[in-house]
Number of protein chains: 2
Amino acid sequence: MNASSASVSSVNPIQQLENQLCFPLYAASRMLTKAYQPLLQEFDLTYPQYLVLLLLWEHQERTVKELGEHLLLDSGTLTPLLKRMEQRQLISRRRDPRDERSVIIGLLPAGEALRQPTCRIPEQLFEKMGFPLTEFEALRDQLNNLLTRLR
Amino acid sequence: MNASSASVSSVNPIQQLENQLCFPLYAASRMLTKAYQPLLQEFDLTYPQYLVLLLLWEHQERTVKELGEHLLLDSGTLTPLLKRMEQRQLISRRRDPRDERSVIIGLLPAGEALRQPTCRIPEQLFEKMGFPLTEFEALRDQLNNLLTRLR
DNA sequence: TAAAATTTAATTGTACACAATTAAATTTTA
DNA sequence: TAAAATTTAATTGTGTACAATTAAATTTTA
């Protein structure tokens, strides 16, 4: 390797994309979200909107703060996203009468109605990828592990 | 579990965030990019801009197409990003005289100058996370594996 | 309890990210 | 070789992300 080469500089291996953790994470996240897209667009949902619905299907009411804690998103992201979902009558937004600082997001019938027709999406995607189940689970667990470190 | 409960609906486990692959990927990616941020902002770089520089430090010239192939980004993302880097004189943009469809991105002195001062960033981050090296490598390899499946 | 500190969303501004379309250049094909 | 198809970036429009600030409500503290 010649450091004075015109086209190739001497390369610090850790500065190469493949050796980094962040780049494969960044790229895989976008690719997987993109793989979700054709399945979600049938319901006119973006991936983050779908995540909000997943949480509301577990508990029909969540404050913006609670949604943000689960999704690791702040109000700067959630407020406009939730307003779009409110316009489509998927969810309701109202102040908590017991604490006017909080906004309670509620699941509306149109949001509930998406639950059954979307319930096979994760399996469909998993099958389409052909990723072995053991690898899937190992990767998921390691990512959750990393996530707790980063949080 | 009572499906008619007012606050909790019966939950398909695969519809829970923790059981999915995509959510931990999505969240970990954002968290790790956010962890890069304080180290990069010293150089007034965003993470995607840093990735472009990593590629140009390997090869001083790359077409937009090549950058997009490596980063899995299209011109809709790259064109404005590269224009911002051009304004700061980090890179140059010019049409390839041999194929006027292509735009060649070249590394300018100001972009080259960021190489040494940023070279410790990946190690710094790795140390700050305290992630065991074996786990780091296992996760990286599994992500690269997933990435080839998604590509 | 009144002032200070904290919490919660909303707002503002910047920067991706990507689908879809456009336009120019090049390559392929009939 | 001229028309058709393809390739390459740029553009347009929508939707996240997120830092920083603001404003209102609540809690803590002196």
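These numbers come from a predicted model, not from an experiment. When reading the values below, keep in mind they use all heavy atoms of this one structure, side chains included, and skip hydrogens, waters and symmetry mates. Numbers restart at 1 for each chain; the letters A, B, ... are given by sequence-line order, proteins then strands.
Here A:Thr77 lies in heavy-atom contact (under 4.0 Å) with a base. B:Thr63 comes within contact range of the sugar-phosphate backbone alone, with a heavy-atom separation under 4.0 Å but no base atom that close. Residue contacts for A:Leu73: at a heavy-atom cut-off of 4.0 Å it reaches the sugar-phosphate backbone alone, with no base atom in range.
Summary of the strand contacts: A:Arg30 and A:Glu66 both lie near DNA chain C, and taking for each the nucleotide with the nearest heavy atom, the more 5' one is attributed to A:Glu66.
Between the CD atom of A:Gln37 and the P atom of D:dT16 there is a distance of 11 Å, given to the nearest Å. The distance between atom CD of B:Gln41 and atom P of D:dA20, rounded to the nearest whole Å, is 7 Å. Remark: P of D:dA17 and CG of A:Leu82 are 12 Å apart, rounded to the nearest angstrom. Atom CE of B:Met85 is separated from atom C1' of C:dC16 by 13 Å (rounded to the nearest Å). Rounding to whole angstrom units, CG of residue B:Leu72 and P of C:dC18 are separated by 9 Å. Following rounding to the nearest Å, A:Arg84 (CZ) and D:dA17 (C1') show an atom-to-atom distance of 11 Å. Summarising the geometry, the separation between CG on B:Leu67 and C1' on C:dC16 is reported as 16 Å, rounded to the nearest angstrom. The distance between atom CD of B:Gln87 and atom C1' of C:dA15, rounded to the nearest whole Å, is 13 Å.
The shortest distance between the side-chain N/O atoms of A:Lys83 and the OP1/OP2 oxygens of C:dT11 is below 4.0 Å. Between A:Thr46 and D:dT16, a side-chain N or O to OP1/OP2 separation shorter than 4.0 Å is present. Taking 4.0 angstrom as the limit, A:Tyr26 places none of its side-chain polar atoms (N or O) nearer than this to OP1 or OP2 of C:dC16.
Aromatic ring pairs are classed by plane angle as parallel below 30°, tilted from 30° to 60° and perpendicular above 60°; the pair B:Tyr47 and B:Tyr36 is tilted.
For A:Thr79 against C:dA9, a side-chain-to-base donor-acceptor contact under 3.5 Å is absent.
A:Asp141 places no side-chain N or O within donor-acceptor distance of the main-chain N or O of A:Asn144, the cut-off being under 3.5 Å. In terms of modelled atom types and a separation under 3.5 Å, the side chain of A:Thr33 and the main chain of A:Ser29 share a donor-acceptor contact. Side chain of A:Arg94 to main chain of A:Ile105: no donor-acceptor pair is present (N/O by atom type, distance under 3.5 Å, no hydrogens or angles). The closest donor-acceptor contact from the side chain of B:Arg88 to the backbone of B:Asp44 lies under 3.5 Å. Here the side chain of A:Arg62 pairs a donor or acceptor atom with the backbone of A:Leu55 at under 3.5 angstrom.
With C:dC18, D:dA19, D:dT16 as the choices, the nucleotide that has an atom nearest any side-chain atom of A:Asp74 turns out to be D:dA19. Set against D:dT16, D:dT8, C:dA9, the side chain of B:Lys65 has D:dT8 as its closest nucleotide.
Searching all strands for a Watson-Crick or G-U wobble partner of C:dT27 with both distances below 3.5 Å returns D:dA4. Nucleotide D:dT12 is matched to C:dA19 when pairs are restricted to Watson-Crick or G-U wobble geometry with both distances under 3.5 angstrom.
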Under 3.5 Å, which donor-acceptor pairs do the side chains of residues 129-139 of chain A form with other protein atoms, sequence neighbours left out?
residue: A:Glu135; atom: OE1; partner: B:Asn145; partner atom: ND2; Å: 3.2

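Taken residue by residue, residues 93-105 of chain A places heavy atoms nearer than 4.0 Å to DNA chain C at A:Arg93, A:Arg95, A:Arg101, A:Ser102, A:Val103.
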Take B:Leu72 and B:Leu147, measure what side-chain contact (heavy atoms from CB on, under 4.5 Å) needs, and give me the verdict at the end. CA-CA 10 Å; B:Leu72 305 178; B:Leu147 210 43; 4.2 Å; yes
